[in-house]
2 protein chains.
Amino acid sequence: MDSVHPLDKATALSPGGDGRLHGSTSDAYWNIAGPFGGVTAATLLRAVVDDPRLLGSPVALTVNYCAALASGPFTVTLVEQRSGRSTQHWSLTLHQGAGVAATASVVCGVRRPTWAHQSASAPRVPPPQELAAQTFDVPSKWIQRYRFRFVEGQPVFRPAPDQPPGGARSVLWMSDAPDRPLDFVSLAAISDAFILRMLQVRGVMVPMGTVSLTTYFHATAEEVQAQGTAPLCGVADTRRFSAGFHDQTIELWGSDGMLLASGGQVVWYRE
Amino acid sequence: MDSVHPLDKATALSPGGDGRLHGSTSDAYWNIAGPFGGVTAATLLRAVVDDPRLLGSPVALTVNYCAALASGPFTVTLVEQRSGRSTQHWSLTLHQGAGVAATASVVCGVRRPTWAHQSASAPRVPPPQELAAQTFDVPSKWIQRYRFRFVEGQPVFRPAPDQPPGGARSVLWMSDAPDRPLDFVSLAAISDAFILRMLQVRGVMVPMGTVSLTTYFHATAEEVQAQGTAPLCGVADTRRFSAGFHDQTIELWGSDGMLLASGGQVVWYRE
């Protein structure tokens, strides 16, 4: 039995003699024309959290997807731009061949006891064990690497054409498949594991892809660890689809009702 | 009479012989320990939109604030990372002396006619002329560069200590002061022109500063231009304050009820 989780295989990086990190795309997280963007985000975050210079824990991650990655090896360049007493700023570039496939920035922060307040509330949902896991009969393999238990906003893949737009909001329980204890790397991946809102609102598949993704980590390392393998409650929504681009906002709530991560992305689409 | 708007002065860049762009901080947009972050964001976006290589118009902007800028000159390095048929990816670095003060990424996109749908709704608010402009008696000069007309969530600067937390949401009309026809540069600046949620929820001033800001531009260039000098309806909120960092989400609605921009930021705070 192979005891290494597919996400750990997919995000593995090894240092090269050239100061770069070397990785390879993973079939287990393949999408349609390239790897699942969440695994690219997780790989770039892993380069930072595994670096001995790391200060604190991740606070913000932005990944810009410049071009689809082909199946095979890639290299990551990691630059520590500036570190202070409380924050550390990193820039990353992912190359494949001569081309830049993605750029990213990561801000890490030293978490200290301060005044604290959660002004937003977790959605009221039934516990995950009361909901059936949704299976998707689609070619994208990454979808099999997550369990989705929808509370509301279940996407419909084959609707009648020309229906009025559906609601953009989904609420669902999400977890790695197979189970894996949560860490910042998997939290980065799962922040991109929502079915793109276009499918749900419009009900048709058109060419589309994330061009920029930002995730904010609200959880301390201790809160992330305490989550273990319990499902996260995810919320996704979109405000506007217009002229070839739409936004998508997300929240990821822990099983104790605390917000672990939130963020947004902008998605290109055709037609 | 000086006909150049303070925002155009503050964001002006001139090419140097070294391939870099040269700018200088502006007293008109000074904050407390450095320039208003929105003007830094606007300056970095301006470097891209004024570049002859520009493809389309801005879609996403992320700025990471690595250190406070001192009053005086700075340099901007601009790299076109990759351009395709629909998107163009830029990376920027802002240096002052030997140190990196900010990094940024900008994604531009070619806007094409597509299926469109606004799934979110503009807040129902009275027209701006029915609301008094709020004045703030604070040392930060940038606040005088905007007109704020609050509908709800007006910040209170001098509350009684140890009050229960207030609501985090504000809704307000915002415009440049003096008036300036909207463009992507001013839209980037105004996306950071919300009073930080900490002040409003907690009612006390503690050391704080934005560490990462992301703005998505939903509007086409034509929609931005059509807005002219009319006020934007802004919405700001926060989900969680914890262990020295909090998020802040924003929306900027045009006077015709269409969403022009949305985004988020993460803010460091002490105590």
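Note that the structure is a prediction, hence the values are computed from the model and not measured. A, B, ... follow the sequence lines: proteins, then strands. Residue 1 opens every chain.
Both the backbone and the side chain of B/Q81 come within less than 4.5 Å of a heavy atom in chain A. For B/S86, the parts lying under 4.5 angstrom from a heavy atom of chain A are both the backbone and the side chain. Contacts between B/E251 and chain A at a heavy-atom distance below 4.5 Å involve the side chain alone, from C-beta outward. Heavy atoms of A/V100 lying under 4.5 Å from chain B belong to its backbone as well as its side chain. Residue A/S91 touches chain B through its side chain alone, counting heavy-atom pairs closer than 4.5 Å. Residue contact with chain A, scored on non-hydrogen atoms closer than 4.5 Å, involves the side chain of B/T103 exclusively. Within the 4.5 angstrom heavy-atom criterion, atoms from both the backbone and the side chain of B/W115 approach chain A. Looking at B/Y269, the atoms closer than 4.5 Å to chain A (heavy atoms on both sides) sit in the backbone and in the side chain alike. For A/F245, the parts lying under 4.5 angstrom from a heavy atom of chain B are both the backbone and the side chain. For B/T62, the part lying under 4.5 angstrom from a heavy atom of chain A is the side chain only. Heavy atoms of B/V110 lying under 4.5 Å from chain A belong exclusively to its backbone. A/S242 touches chain B through backbone and side chain together, each having a heavy atom under 4.5 Å away.
Separation of atoms CZ (A/R82) and CG (B/N64) is listed at 13.5 Å; rounding is to 0.5 Å.
The shortest heavy-atom contact between B/V211 and A/H89 is O-CE1, 3.6 Å. The shortest non-hydrogen separation linking B/G244 to A/T114 is N-OG1, 3.1 Å. The minimum heavy-atom distance between A/R240 and B/L259, with the atom names listed, is NH1-O, 2.8 Å.
Ranked by non-hydrogen atom pairs under 4.5 Å with chain B, the options A/T238, A/T93, A/D237 are led by A/T238. Taking chain A as the reference chain and counting heavy-atom pairs below 4.5 Å, the highest number among B/C66, B/S105, B/S262 is found for B/C66. Ranked by heavy-atom pairs shorter than 4.5 Å toward chain B, the options A/A116, A/G264, A/A243 are led by A/A243. Annotation: maximal heavy-atom pairing with chain A below 4.5 Å, among B/S212, B/A168, B/P165, occurs at B/P165. No other option in A/A101, A/G84, A/A120, A/S119 has as many heavy-atom pairs under 4.5 Å with chain B as A/S119. Among A/Q118, A/R239, A/H246, the residue with the largest count of heavy-atom pairs under 4.5 Å with chain B is A/R239. Top candidate by heavy-atom pairs under 4.5 Å with chain B, chosen from A/T220, A/V59, A/T87, is A/V59.
Environment of CD in B/E152: crowded, with over 12 heavy atoms of neighbouring residues, nucleotides or ligands closer than 6.0 Å. In B/Q225, the CD atom is not crowded: 12 or fewer heavy atoms of neighbouring residues, nucleotides or ligands sit closer than 6.0 Å.
At least one side-chain heavy atom of B/Y216 sits under 4.5 Å from a side-chain heavy atom of A/T214.
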